[in-house]
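Notes follow once the structure below has been shown.
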Protein chains: 2
Amino acid sequence: MNDLIPSSPVINIGTLKSSCANCSMHQLCLPMGLDDNDISRLDQIIGRRRRLARDERLYQMDEPFRNLYAIRFGHFKTYQVNAAGEQQITGFQMAGELLGMDAISADRHHCDAVALEDSEVCEIPFGRLEELFGHVPTLLRHFHRIMSQEITREQNVMLLLGNMRAEQRFAVFLVNLSARYAARGYSANSFQLRMSREDIGNYLGLTIESISRLLSRYKKQGWLKVDKREVTLLDPVMIKALAAGTEQCSPMA
Amino acid sequence: MNDLIPSSPVINIGTLKSSCANCSMHQLCLPMGLDDNDISRLDQIIGRRRRLARDERLYQMDEPFRNLYAIRFGHFKTYQVNAAGEQQITGFQMAGELLGMDAISADRHHCDAVALEDSEVCEIPFGRLEELFGHVPTLLRHFHRIMSQEITREQNVMLLLGNMRAEQRFAVFLVNLSARYAARGYSANSFQLRMSREDIGNYLGLTIESISRLLSRYKKQGWLKVDKREVTLLDPVMIKALAAGTEQCSPMA
DNA sequence: CGCGGAATTGAAAATACTCAAAATTAGTGG
DNA sequence: CCACTAATTTTGAGTATTTTCAATTCCGCG
């Protein structure tokens with residue numbers, strides 16, 4: 001894969017390489033809250049960056065665990081495969097988020113991670129990160145927060161899968177994406193779905209047909225606009241109410 | 001609450017107090033793999049033990065986070081409450097397991113934890129534990145494994161809720177309990193359910209009626225025996241096959 | 001322009017839910 | 001220890017949400 005800026009005269013590629021300080025995600029990612037000195041220590045252990053094409057796999061279940069991965073740009077999905085070969089998507093990850101934490105417990109990856117579009121990650125050798133924890137307590141604390149956040153995120157998904165109807169699940173999904181894009185400085189009410197309808201359905205415990213019907217219904221109600229994968233929330237208040245369970249759902253058409 | 005052994009002449013209560021080395025769970029709990037010296041350092045930071053009666057709450061959502069809790073004996077459930085007041089049980093915990101890790105990210109508890117029977121926990125002040133991490137790398141590594149394990153556990157529940165039918169969900173639930181009791185030296189095929197049918201249903205994303213019907217069906221098929229909350233797996237191989245999805249489910253009676 | 005994957009839509013079917021009633025169990029006080 | 005009451009569980013019948021299966025449309029790409 002070629003470098004996107006192969007011959008720029010003003011940018012020193014050497015210093016940019018793997019530099020957290022220059023990364024647009026450093027306020028969301030692992031270096032959050034670190035001072036310059038500690039950031040440079042983190043920089044020193046960060047491995048190579050890795051580019052992935054759409055549909056390319058970052059890691060696979062049962063592969064030995066060596067690195068965590070911070071997403072620089074792009075989107076990923078993670079999914080588990082059960083004995084019967086069916087998959088369950090456990091999350092969609094975007095820039096600034098960390099991949100691979102589920103692998104720490106067994107020293108093997110517990111799921112697959114696949115790029116939803118052309119993406120780039122920073123490889124973070126976990127062994128070296130652990131060494132650094134002893135010297136940078138702020139980093140350790142932040143790492144614990146990130147892991148804990150992943151636990152609460154998954155608990156929220158359990159709540160979704162365990163006792164919400166289809167209409168509410170989908171609303172929660174949209175509100176969640178909206179909030180995450182907003183946190184990254186993008187529009188809260190207009191964004192592109194990076195995953196297929198099938199992926200959405202799988203994640204939400206629904207079929208692709210259900211997702212399609214939900215989109216149609218939302219459209220008909222005037223709550224949103226869809227053009228291929230471009231979604232615009234026309235009535236974000238309503239969608240948030242649906243997500244919160246405040247608003248009653250009408251039965252599926 | 002009274003001490004169970006108020007006047008034993010041979011046991012020195014003082015040294016037993018909060019001693020991980022003497023705890024039957026120390027091979028499963030936080031001190032796993034620590035040498036005697038490090039165990040005693042951990043002991044020094046462990047706060048008081050806390051007894052809870054059945055249905056008593058250990059902590060509540062939004063409460064400020066101060067401690068993790070290691071279960072010495074007894075069982076707990078953790079659940080989230082959504083805006084509409086409905087609850088979703090996110091896990092059942094038993095002796096040797098750690099409670100409260102979801103609170104690290106926001107410095108507030110993210111769920112409620114309630115004792116399912118009379119139980120006892122060790123209070124672990126998280127601030128002091130963090131200090132100790134700097135001095136006992138083994139402890140830190142094990143802590144990361146425990147958090148990661150919680151992440152993978154929840155991913156397994158997502159798989160269960162997202163694409164298994166009722167019969168398989170219930171089989172997975174039984175197999176999981178069985179394995180955990182076996183790991184604690186108890187019978188793998190005969191154990192007591194510490195939670196109500198309603199709790200099981202809530203956890204599995206099913207109604208109490210469905211759980212009741214599943215139990216009846218399993219009984220009729222000769223796969224298990226139930227007497228109140230005492231369950232005996234008569235055909236563990238079959239139940240494991242159901243859980244794995246190897247065996248096809250018959251439709252609900 | 002046409003092929004193929006993805007998405008939409010419709011109709012029928014199935015799984016699990018709701019509501020209701022009966023049965024069993026647990027808890028309490030005499 | 002027993003009787004009584006409350007709570008939990010079981011069972012049944014009818015219903016609803018979502019799935020499955022099938023057909024069609026849409027869209028990207030060669």
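Just so you know, these numbers use all the heavy atoms, side chains as well, and skip hydrogens, waters and symmetry mates. In what follows, chains are A, B, ... by sequence order, proteins preceding strands, each numbered from 1.
- Atom CZ in A:Arg54 sits roughly 14 Å away from atom P in C:dG5 (whole-Å rounding).
- Within 3.5 Å, no donor on the side chain of B:Arg169 pairs with an acceptor on the base of C:dT15, nor the reverse.
- Residue A:Ala166 has its side chain nearest to D:dT18 when only C:dC17, D:dT10, D:dT18 are considered.
- Residue A:Thr207 has no polar side-chain atom (N or O) positioned under 4.0 Å from OP1 or OP2 of D:dT20.
- Considering only side-chain atoms of A:Glu209, the nucleotide from C:dT25, C:dC17, D:dC21 that sits closest is D:dC21.
- One interatomic measurement links the two molecules: OH of A:Tyr218 to P of C:dT9, which rounds to 16 Å at whole-angstrom precision.
- If you take CG of A:Leu215 and P of C:dA6, they are 17 Å apart, rounded to a whole angstrom.
- The ring of B:Tyr218 has its center closer than 6.0 angstrom to the ring center of B:Phe170.
- In plain terms, the two heavy atoms of B:Ser119 and B:His75 that are nearest each other are OG-N, 3.3 Å.
- Atom CZ in A:Arg213 sits roughly 13 Å away from atom P in C:dA12 (whole-Å rounding).
- Scanning residues 193-202 of chain B for heavy-atom distances under 4.0 Å to DNA chain D yields B:Ser196, B:Arg197, B:Glu198.
- With respect to A:Glu117 and A:Arg54, no salt bridge is recorded, no charged nitrogen being found less than 4.0 Å from a carboxylate O.
- Taking atom CD of A:Glu230 as the reference point, atom P of D:dG28 lies 13 Å away to the nearest angstrom.
- In this structure, CD1 of B:Ile211 is placed 14 Å from P of D:dT11, rounded to the nearest angstrom.
- At a cut-off of 3.5 Å, with distance as the only test, no side-chain donor of B:Asn82 or B:Gln87 sits close to an acceptor on the other residue.
- Note: B:Phe65 and B:His109 have perpendicular aromatic rings, judged against thresholds of 30 and 60 degrees for the angle between ring planes.
- Across every non-hydrogen atom of A:Leu116 and A:Asp199, the tightest pair is CD2-OD2, 3.9 Å.
- Ion pairing of B:Lys225 with B:Glu230 is absent here, as no side-chain N (NZ or NE/NH1/NH2) approaches a carboxylate O to less than 4.0 Å.
- Spacing between atom CD1 of A:Ile208 and atom C1' of D:dT19 amounts to 13 Å, rounded to whole angstrom units.
- At the phosphate of D:dT18, OP1 or OP2 sits under 4.0 Å from a side-chain N or O atom of A:Arg165.
- D:dT9 atom C1' lies 14 Å from atom CG of B:Leu214, rounded to whole Å.
- A donor-acceptor contact closer than 3.5 angstrom links the side chains of B:Gln80 and A:Asn156.
- In this structure, the nucleotide among D:dT18, D:dC27, C:dT8 sitting nearest to the side chain of A:Leu206 is D:dT18.
- For C:dT15, neither phosphate oxygen OP1 nor OP2 lies less than 4.0 angstrom from any side-chain nitrogen or oxygen of B:Ser210.
- Here the side chain of B:Lys228 is nearest to one of C:dT8, C:dT25, D:dA13, namely C:dT25.
- Listed pair A:Ser212 / C:dT9 fails the phosphate criterion, with no side-chain N or O lying under 4.0 Å from OP1 or OP2.
- Counting only heavy atoms from C-beta on, A:Arg229 has its side chain closest to C:dA7 among D:dT11, C:dA7, C:dT8.
- Projected onto DNA chain D by closest heavy-atom contact, A:Asp227 and A:Gly205 fall at different nucleotides, the more 5' of which corresponds to A:Gly205.
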